[in-house]
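Just below is one structure, and these are the notes that go with it.
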Amino acid sequence: SCQPPQNLSTVSSTSSKKRQSSSNGNVTVQVGLMLSYTLGTIMYMSPSQASSPTTPFPVLAVAVGVGVGGLVLLVVVLVMAMVTVWYRRDSTKKGRQVDNLLIMLESWEASMADECKRAFAELQTELQDVVNVHDKNYPYRDFRSFAMKFL
């Protein structure tokens, strides 16, 4: 612990030729019995000096700092809110686009299935006509191929 000494002696400095008041003291660190280091001088305040600071508390600086900090915090919160709104709007827009594409795909699939059913029914009808032609012995080849086969 650091305790001030009971009586402070005055210390004179030879280089600066200043005389320090009785409220100053030398700071010496002693380790064991052999090592002793002098670090410098320290100035003690009286209790009346410690309770009333010499410089006034910078109320204006604190007020400005709090105001600027609040403004920065407000700007950060607003930017985060704007980013969140933009992200939600973009994601819902993309969700709607995906839903529209799925609906279009389903309608294309249904129309293709319907077209395939019609084409299959038409093909079966044409095949039935061809089979009926063979049963009645109608010529189903053109004249040239018929003539080459039988002549």
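Treat the numbers as computed from the prediction; the structure is a model and nothing was measured. If you read the sequence from its start, that first residue is 1, and numbering goes on from there.
Residues forming a side chain to side chain contact (heavy atoms under 4.5 Å, CB included) with L35 (at least two apart in sequence, or on another chain): V31, Y37. T28 is linked by a side chain to side chain contact (heavy atoms under 4.5 Å, CB included) to N26, S36, T38, counting only residues two or more places apart in sequence or in another chain. For N100, there are no side chain to side chain donor-acceptor pair (under 3.5 Å) partners, not counting sequence neighbours. Among residues two or more places apart in sequence or in another chain, the side chain to side chain donor-acceptor pair (under 3.5 Å) test is passed with R88 by none.
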Result block: side-chain N/O donor-acceptor pairs under 3.5 angstrom for residues 111-119, not counting sequence neighbours:
| residue | atom | partner | partner atom | Å |
| --- | --- | --- | --- | --- |
| S111 | OG | S107 | O | 3.4 |
| S111 | OG | W108 | O | 2.9 |
| D114 | OD2 | R118 | NH2 | 2.7 |

Only pairs under 3.5 Å count here: list side-chain donor-acceptor contacts from residues 61-87, not counting sequence neighbours, and write none if there are none.
| residue | atom | partner | partner atom | Å |
| --- | --- | --- | --- | --- |
| T84 | OG1 | M80 | O | 2.8 |

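Contacts classified as salt bridge (Lys or Arg N to Asp or Glu O under 4.0 Å) and involving residues 95-112 (residues at least two apart or in different chains) are not found.
Summarising the hydrophobic clusters (Ile, Leu, Val, Met, Phe, Trp, Tyr; side-chain heavy atoms under 4.5 Å, direct or chained), the residues clustered with V98 are L102.
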